[in-house]
Amino acid sequence: MLDWEDLRHFHALSLLGTLSAAARALGVEHATVARRVVHLEEKIGAKLVDRRGRRLSLTAKGQQIASIATRMSEDALTIERTALNTDNRHTGTVRVSAPPALATALLAEPFVRLRQRHPGINVVVIGETRYASLGRREADIAVRMTRPEHGDLTVTKIGDIGFSLYADPAYLAATREADWSFVGYEETMASSPQERMLARIAADRPVAIRATALEFQLATVKAGGGVALLPDFMAAGLNLTRLPLPDGPLTRELWLVVHTDIKDVPMIRAVMDELGGKAR
């Protein structure tokens, strides 16, 4: 009989493409993922993964098994959500995914209030720039700046995030506007509205420092490293100069997202209500 744990580890590898990524998603060592995949191959009697140096790819049999494992995983998650929906207590753990800077600035106080009202609810905040999958229960609730268009999800607007150009006053005093350098996201975020606007503003001037973490961008600006397009909540109260945007204000909508199957679970509903989400 096949071991479901072997299939689960192989499924994560097939989705994420590398041993290290699968290990992070499962909370195990990458050697554990490799061992589980080898054990599955031995049970099936077929090679599932081509290993060529650090590059991994699925064989034809591996793709077939991955498809089956995906269906099994979806069925298992449906069972989990069904079981969760029968729990009427305000007790348990709720995993919330949100961009790290936003989570740090905006979610701490609501979750403290939540714990005061419902001490039986524990909250795990997953601060990631990528979007955790609600369908795969990588998180129960997500706070996002992009409204998802697919999936059986309940989506509620809970606010707006304004962005502005910021720089250290001493940097602006010492640097001609034509000589400004800029601080922005690295290339994987190039399609975001704020990064597209920054590219237009910078024009032929350099975006000399790039970082995934907004906290690093802010620290760079405070150190006099250039001009950055930052969320207004990050710069509030700091000794930074706010500069007007040439194209007018930039605002991103903030969305609260939950899988529809679990939106009425009491502990999920309590977290959503604290964050301002009235499902519709």
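Computed from a predicted model, the values in this text were never measured in an experiment. Computed from heavy atoms alone, side chains included, the values below leave out hydrogens, waters and symmetry copies.
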Enquirer: One thing to verify: whether D6 and R36 come together as a salt bridge, which I'm taking to mean a side-chain N less than 4.0 angstrom from a carboxylate O.
Expert: yes
Enquirer: Hey, could you give me the CG/NZ distance between L256 and K157, rounded to the nearest 0.5 Å?
Expert: 13.5 Å
Enquirer: Given side chains that start at C-beta, do those of N239 and K222 come closer than 4.5 Å, heavy atoms only?
Expert: no
Enquirer: Working to the nearest 0.5 angstrom, can you tell me the gap between T212 OG1 and Q217 CD?
Expert: 8.5 Å
Enquirer: Nearest 0.5 Å, what's the CD1-CG distance between I68 and L7?
Expert: 9.0 Å
Enquirer: Check this for me: does any side-chain nitrogen of one of D179 and R205 sit under 4.0 Å from a carboxylate oxygen of the other?
Expert: no
Enquirer: If you take all heavy atoms of T241 and P169, which pair is closest and at what distance?
Expert: OG1-CG, 3.5 Å
Enquirer: Could you tell me if T251 and D160 have a donor-acceptor pair between their side chains, going purely by distance under 3.5 Å?
Expert: no
Enquirer: With rounding to the nearest 0.5 angstrom, report the CG to CZ distance, L250 to R196.
Expert: 9.5 Å
Enquirer: Is it true that a side-chain atom of H118 and a backbone atom of G120 form a donor plus acceptor pair closer than 3.5 Å?
Expert: no
Enquirer: Could you walk me through whether Y166 and V227 pass the side chain to side chain contact (heavy atoms under 4.5 Å, CB included) test, one step at a time?
Expert: CA-CA 6 Å; Y166 289 96; V227 180; over 6 Å; no
Enquirer: Kindly determine whether E195 and R210 satisfy salt bridge (charged side-chain N to carboxylate O under 4.0 Å, His left out), including the steps that lead there.
Expert: CA-CA 11 Å; E195 195 64 15; R210 296 182 180 273; 3.2 Å; yes
Enquirer: Determine the minimum heavy-atom distance between F111 and V96, stating which atoms define it.
Expert: CZ-CG2, 3.9 Å
Enquirer: Step by step, work out the side chain to side chain contact (heavy atoms under 4.5 Å, CB included) result for Y185 and Q194.
Expert: CA-CA 9 Å; Y185 280 111; Q194 59 268 36; 3.8 Å; yes
Enquirer: Flag yes if L238 and L102 sit in one hydrophobic cluster, no otherwise; membership is Ile, Leu, Val, Met, Phe, Trp, Tyr, and two members link when side-chain heavy atoms are under 4.5 Å apart.
Expert: yes
Enquirer: Can you tell me how far CD1 of I141 sits from CE of M272, rounded to the nearest 0.5 angstrom?
Expert: 6.0 Å
Enquirer: Which residues pass the side-chain hydrogen bond (donor to acceptor under 3.5 Å, both in side chains) test with T32, not counting sequence neighbours?
Expert: none
Enquirer: With a 4.0 Å cut-off, would you call D247 and R200 a salt bridge?
Expert: yes
Enquirer: Between S164 and D232, is a side chain to side chain donor-acceptor pair (under 3.5 Å) present by the stated rule, with each step listed?
Expert: CA-CA 6 Å; S164 302; D232 294 329; 2.8 Å; yes
Enquirer: For E41 and V49, indicate whether the former's side chain and the latter's backbone hold a donor-acceptor pair under 3.5 Å.
Expert: yes
Enquirer: Using every non-hydrogen atom in the two residues, find where L13 and L19 come nearest and quote the distance to one decimal.
Expert: CD1-N, 3.7 Å
Enquirer: Do D261 and D152 touch side chain to side chain, with heavy atoms closer than 4.5 Å?
Expert: yes
Enquirer: Is S67 reaching over with its side chain to a backbone N or O of Q64, donor-acceptor style, under 3.5 angstrom?
Expert: no
Enquirer: Start with the C-alpha gap between L275 and L107, add the side-chain angles, then the distance that decides, and say whether side chain to side chain contact (heavy atoms under 4.5 Å, CB included) holds.
Expert: CA-CA 8 Å; L275 294 177; L107 301 188; 3.7 Å; yes
Enquirer: Could you check whether any side-chain heavy atom of V265 comes within less than 4.5 Å of a side-chain heavy atom of D140, counting everything from C-beta outward?
Expert: no
Enquirer: Do you know which of R113, R115, R269 makes salt bridge (Lys or Arg N to Asp or Glu O under 4.0 Å) with E274?
Expert: R113
Enquirer: Counting only heavy atoms not in Q63, do more than 12 fall under 6.0 Å of its CD?
Expert: yes
Enquirer: Atom CG in L230, atom CD1 in I161: separation rounded to 0.5 Å?
Expert: 12.5 Å
Enquirer: Measure the shortest side-chain to side-chain distance between V94 and I268 over non-hydrogen atoms and say whether it is less than 4.5 angstrom.
Expert: yes
Enquirer: Using a 3.5 Å distance criterion without hydrogens, assess whether the side chain of E186 forms a donor-acceptor pair with backbone atoms of T188.
Expert: yes
Enquirer: Would you indicate whether the side-chain heavy atoms of I201 and L245 approach each other to under 4.5 Å?
Expert: yes
Enquirer: Measure across T154 and K263 and return the closest heavy-atom pair with its distance rounded to 0.1 Å.
Expert: OG1-CD, 3.2 Å
Enquirer: What are the two closest heavy atoms between A211 and F216, and how far apart are they?
Expert: CB-CD2, 3.5 Å
Enquirer: So D50 and L58, side chain to side chain contact (heavy atoms under 4.5 Å, CB included) or not? Walk me through it.
Expert: CA-CA 6 Å; D50 274 329; L58 298 184; over 6 Å; no
Enquirer: What closest approach, in Å, do P231 and L214 show between heavy atoms, and which atom pair accounts for it?
Expert: CG-CD1, 3.8 Å
Enquirer: Is there a donor-acceptor contact under 3.5 Å from the side chain of T59 to the main chain of K47?
Expert: yes
Enquirer: With the side chain counted from C-beta on, respond yes when L106 and F233 share a heavy-atom pair under 4.5 Å apart, and no when they do not.
Expert: yes
Enquirer: Determine whether W180 and L243 make a side-chain contact, defined as any pair of heavy atoms from C-beta on separated by less than 4.5 Å.
Expert: yes
Enquirer: Can you check whether E5's main-chain N or O pairs, donor with acceptor, with H9's side chain at less than 3.5 Å?
Expert: yes
Enquirer: Would you indicate whether the side-chain heavy atoms of L40 and L48 approach each other to under 4.5 Å?
Expert: yes
Enquirer: Can a cation-pi geometry be assigned to R147 and W255, taking NZ or CZ under 6.0 Å from the six-membered ring centre and within 45° of the ring axis?
Expert: yes
Enquirer: Are a donor atom and an acceptor atom from the side chains of T146 and R252 found within less than 3.5 Å of each other?
Expert: yes
